[in-house]
Amino acid sequence: MRDDRKDQDQLLEALHRLPRERELLRDLWPGIAGRLQPRDLPQGRRWTRPAVAAAVLVAFMAGVLFQRQQLLPEPASAEAGSQRIPEVLAAVQASEREYQAAFRAFVPVGLDQAMLDDQAIDDIQGSWTQFRQAEAALLAALQDYPGNTFLAERLMGLRAQQLDFMQKLYVLDQNSRRNT
Amino acid sequence: MTTKYQFILSLLSAMLAPAWVLAAQDIDERRPLANDGSVTVINVAGDITITAWDRAEVQLLGSLGDESTLDISESGQGLRIEVKQRDEERNNQHYESSELQLTIPEGATVSASGVSSDIEIRGLRGAAVTAETVSGDVEVTAHSNHVDLKSVSGDIGFDGASPRVTAESVSGDVVLRGVEGELNVSVVSGDVELQAGALDRGRFEAVSGSLDLVLSLRENSSVNVESMSGDVNVVLPAGQAMEIRAQTFSGSIRSGFGSPQKVSHGPGSRLDHTEAGGGASLRLESFSGDVEISQQ
């Protein structure tokens, strides 16, 4: 019982140190949609910046997935969960930092719309909306239940999927540039 | 005289015409390829259809867009076929559709990629099948050791046998039949329907899409199923030896194996159950979706 209280105190303390960047809750799609529009960037800039983004994205992806794989083999029982709270919190903090940085690095990507029909663009937008809704619901739940390791792991899982989604868009963009 | 003059003019026109004009025609090509050779096909716009035969050669039929050229290159055991767009058209961001129909040795390894392209592959028994498109569907029937299928907004379908399958779609549905061994499936808003044999390792991820999985577990296998808001339905053989750990935050759990409990601290339900002595591991997690585990 005393150990549980100590864990809880450590958890609350750690949670207060979690980054509370409100930009997580903003609508990220307009930014991505803007990047889907063909732009008249100077040729050199069009090629150089995505290359930087690629390196950053891949690095962040590797970081988040590595941390998830370290956590995933553990059972999700309540008992095991309480013992893993500091570990999970640290991983969540790291994944949130990585997600934020990866999204910022994603800025240069701009897809060649001629390769995609309207339905494909709508589908991509719709999927990002699904991500956003899931993200908002998870973050709201985490605010109500900040010590819930199940929610924390779901958030990490969602971040990994969001990063994977961004990576897909990036690869698509690169393929587009290779073809053009 | 006039006729002869017209003939010479026609001949000169044909000789002086740029390659892309000459290429605007039906495709009918053949190349030798070993039964265990590899074929790479790239077509940005237009469908790719690949079927198998028992000959050691590749037949390529179809039609090439007026503004496109066909590049076929051979290296070692491989053949690479790519539809290329003319510079002017690429710069204008206008893509002509080309249709490719290939018949290849049934033991060949194949990699097909496109953007606005449906990809259909049938009858292969080679080492690997890879198909990737953006806004098209992917439909594969094969008996291959490794199958890797990806689409962004299109549906993915696989029917056949393979010990190792990866299927990813963002908004399209994924339907897999006949797989066993190792399986990785990821969707965002698309639904997943699986009719599998015995799995050694499985990973299923969805955000809002539903996961309907019929499978069995080998001894010491590990299968993880994660969903955000989509429902998860898993059907297993009666008496399947396994340890089940299922949890949902705001959804419900119904199980033919063991009894779900309310989470002691905070909302949600969970199920921790060992069936027939355990051995395999089945982990199911959903944030707001319902989880149902039933017996066949």
Side-chain angles (χ1 to χ4, degrees), chain A residues 4 8 38 72-82 111-135 137-138 141-142 144-151 153-155 157-158 160-162 164-165 168-169 171-172 175-176 178-180, chain B residues 42 44-45 84-85 87 89-95 113-116 132 134-136 150 152-154 168-172 186-190 203 205-209 222 224 226-230 243 245-250 263-268 270 272 281 283-288:
Chain A
D4 286 346
Q8 194 72 15
L72 281 173
E74 298 291 330
S77 68
E79 295 76 18
S82 65
L111 291 171
D112 176 358
Q113 279 194 309
M115 295 175 68
L116 301 174
D117 54 31
D118 291 342
Q119 185 62 51
I121 295 289
D122 287 347
D123 286 341
I124 292 171
Q125 178 172 0
S127 295
W128 186 256
T129 302
Q130 297 290 332
F131 274 126
R132 227 189 100 234
Q133 289 171 350
E135 174 186 288
L138 254 181
L142 269 168
D144 292 340
Y145 302 95
N148 192 310
T149 54
F150 177 75
L151 292 176
E153 289 186 342
R154 297 280 68 69
L155 181 60
L158 185 69
Q161 283 182 282
Q162 285 176 296
D164 187 47
F165 181 79
K168 280 190 174 75
L169 288 184
V171 170
L172 188 57
N175 288 341
S176 160
R178 195 161 51 234
N179 284 317
T180 56
Chain B
I42 301 167
V44 171
K84 292 188 169 178
Q85 308 283 328
D87 289 345
E89 303 310 319
R90 293 198 308 241
N91 292 338
N92 291 336
Q93 297 191 331
H94 172 70
Y95 294 89
S113 63
V115 176
S116 55
E132 186 167 358
V134 177
S135 60
K150 293 176 184 168
V152 174
S153 61
E168 295 179 9
S169 182
V170 174
S171 61
S186 171
V187 293
V188 177
S189 54
R203 182 167 186 82
E205 288 183 333
V207 176
S208 60
S222 172
N224 292 313
E226 298 180 25
S227 163
M228 276 299 300
S229 59
E243 290 180 12
R245 297 192 186 282
Q247 186 167 355
T248 178
F249 181 74
S250 57
V263 171
S264 52
H265 303 291
R270 63 179 299 121
D272 295 296
S281 166
R283 180 173 170 173
L284 311 163
E285 296 181 342
S286 177
F287 172 62
S288 59

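Convention: sequence-line order gives letters A, B, ...; per-chain numbering from 1.
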Would you please say whether a donor-acceptor pair under 3.5 Å links the side chains of Ser189(B) and Gln130(A)?
no
Please look at Ser113(B) and chain A and tell me whether the side chain, the backbone, both or neither of the residue comes under 4.5 angstrom of a heavy atom of that chain.
neither
Atom CD in Glu285(B), atom CD in Glu153(A): separation rounded to 0.5 Å?
6.5 Å
Need one label for Leu138(A): side chain, backbone, both or neither, based on atoms under 4.5 Å from any heavy atom in chain B.
both
Is it the backbone or the side chain of Glu243(B) that comes under 4.5 Å from a heavy atom of chain A, or both, or neither?
neither
Is the closest side-chain heavy-atom distance between Ile124(A) and Val170(B) below 4.5 Å?
no
Which one wins on heavy-atom pair count under 4.5 Å against chain A: Ser227(B), Ser186(B), Ser286(B)?
Ser286(B)
Side-chain heavy atoms of Phe287(B) within contact of Leu158(A), under 4.5 Å
no
Looking at Ala45(B), Pro267(B), Gly154(B), Ser281(B), which makes the most heavy-atom pairs under 4.5 Å with chain A?
Pro267(B)
Minimum heavy-atom separation for Val188(B) to Ser127(A), with atom names?
CG1-O, 3.8 Å
Measuring heavy-atom distances to chain A, does Thr248(B) have an atom under 4.5 Å in its side chain, in its backbone, in both, or in neither?
backbone
Where is the tightest heavy-atom contact between Phe150(A) and Phe249(B), given as atom of each residue plus distance?
CE2-N, 3.7 Å
